[in-house]
Trainee: 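Structure below; questions to follow.
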Amino acid sequence: MKTSYSQIESPGAVPIKMWTKGVPVEPEAQAQLANAARLPIVFKHIAAMPDVHVGIGATVGSVIPTLKAIIPAAVGVDIGCGMIACKTTLHANDLPDNLAPLRHAIETAVPHGRTSMRGARDKGAWDTPPAASDAAWTTLAPEFDAICADYPSLKNTNNRKHLGTLGTGNHFIEVCLDEAGAVWFMLHSGSRGVGNAIGTLFIELAKKDAIKNNMNLPDKDLAYFEEGSTYFGDYVQGVSWAQRFAKENREVMMARVIAAAKTVIAKPFETHLEAVNCHHNYVQRETHFGEDVLVTRKGAVSARAGELGIIPGSMGAKSYIVRGKGNEDSFMSCSHGAGRVMSRTQAKKRFTIEDQIRATAGVECRKDAEVIDEIPMAYKDIDAVMEAQKDLVEVVYTLKQVVCVKG
């Protein structure tokens, strides 16, 4: 039977199955995959998605199943980062001709970006969180307090004031149209400052453990906790909590986006005709090939048979609502987006504001020097990415953004 992936095998390592046909993969990413494949805790093989690219320790766009152990740096610091999308009863004709007021309403409703000046309030955080944010926080606060009892440094982080906020980088809020002209709202964000703090704390603890236990690691960022070790249970609790925070964060923002849109769009409308809320940086227990394993998806989405997921392109490119095919070889996963082909620094050096304006023609969005690192050309071709994983998912809807908000 012909497979749609290529397989790399090396002595002393599990195989690497790569869904990257027709998509460029930089040598550094292949080296990172090879390093992870040599870890004794990895089960069966590693799956590399078509958006695979260099990360910290583990590649973004990889699926790493482990036996009774977790690699904190493979999960990363934006724990629970992911997507939410919902279909509305609106049609393209119901949107105003001038979309700038809609973008500004969304930007006003959801804190985004970051102010790093000392003493100044971070524009990307709430000064006084709204009632919906605080209501969500009450469901999270008791377990957070329990985590902080053991790790007090986490208390003094952006937690409550970041719930319902977007962030920076590749996080975004979009108004999109599908092939039939139906209007969708979609956004991308994770566990914000508190998730970063949890991830960073345990990554450093894993590295210290590795030194103490004389682990022979191909990369120090692949340090891991084994079940029964000092920090394993604490990390599982912390990462699970951060994933809950991330999901709630997206739900709170989506409600605010919808409310903001209703102040601008004259026609009454309903939402959530169809809706998806999925992580793409996370770890959870699953059963694969008859074995109970911990599956880390670092820039990958669960794609069980019939399960809906979201694969966004870059600002200016198409995005997809997909249905999983349950391909066991990929550990029932698919890509989380297009994947970068160059760093943010490279993109800022290579492209101009004029390039950004041309690349985002027809999209109501910022077109300034601060978002050049998110220019579509900094990403892989989303069409090639989708072609490479057609045995992992089927496309249900193709979305094209008409409004894009970035931090």
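Keep in mind that this is a model prediction, so the values were computed, not measured.
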Trainee: Indicate yes or no for a side-chain donor-acceptor contact from Lys161 to the backbone of Asp127 under 3.5 Å, with no hydrogens or angles considered.
Mentor: yes
Trainee: Is the side chain of Asp94 donor-acceptor paired with the backbone N or O of His91 at a distance under 3.5 Å, no angle test?
Mentor: yes
Trainee: Test: ring pair (Phe, Tyr, Trp, His ring centres under 6.0 Å). Region: residues 378-402. Which pairs qualify, not counting sequence neighbours?
Mentor: Trp184-Tyr397
Trainee: So, taking the atom named OG in Ser189 and the one named CG in Asn170, what distance separates them when rounded to the nearest 0.5 Å?
Mentor: 9.5 Å
Trainee: As a quick check of understanding, evaluate ring pair (Phe, Tyr, Trp, His ring centres under 6.0 Å) for Tyr151 and Phe202, giving each step before the final call.
Mentor: CA-CA 10 Å; Tyr151 300 94; Phe202 283 99; 5.1 Å; yes
Trainee: Distance check, rounded to the nearest 0.5 Å: Cys81 atom SG versus Arg250 atom CZ?
Mentor: 7.0 Å
Trainee: Is the closest side-chain heavy-atom distance between Leu177 and Val183 below 4.5 Å?
Mentor: yes
Trainee: Using the rule side chain to side chain contact (heavy atoms under 4.5 Å, CB included), only one of Ile79, Leu140, Thr139, Ile198 pairs with Phe245; which is it?
Mentor: Leu140
Trainee: Report yes if some heavy atom in the side chain of Asn159 is under 4.5 Å from a heavy atom in the side chain of Trp137; otherwise report no.
Mentor: yes
Trainee: Sequence neighbours left out, what pairs pass ring pair (Phe, Tyr, Trp, His ring centres under 6.0 Å) with at least one residue falling in residues 3-25?
Mentor: Tyr5-Trp19
Trainee: Is the number of heavy atoms from other residues, nucleotides or ligands within 6.0 Å of CZ (Arg350) greater than 12?
Mentor: no
Trainee: Sorted by first residue and then second, give each ring pair (Phe, Tyr, Trp, His ring centres under 6.0 Å) pair with at least one member in residues 329-367; sequence neighbours left out.
Mentor: His45-Phe331, His280-His336, His288-Phe331, Phe289-Phe331
Trainee: How long is the span from the CG atom in Leu399 to the CD atom in Glu179, to the nearest 0.5 Å?
Mentor: 7.5 Å
Trainee: State, with a plain yes or no, whether a side-chain heavy atom of Asp234 is found less than 4.5 Å away from one of Phe225.
Mentor: no
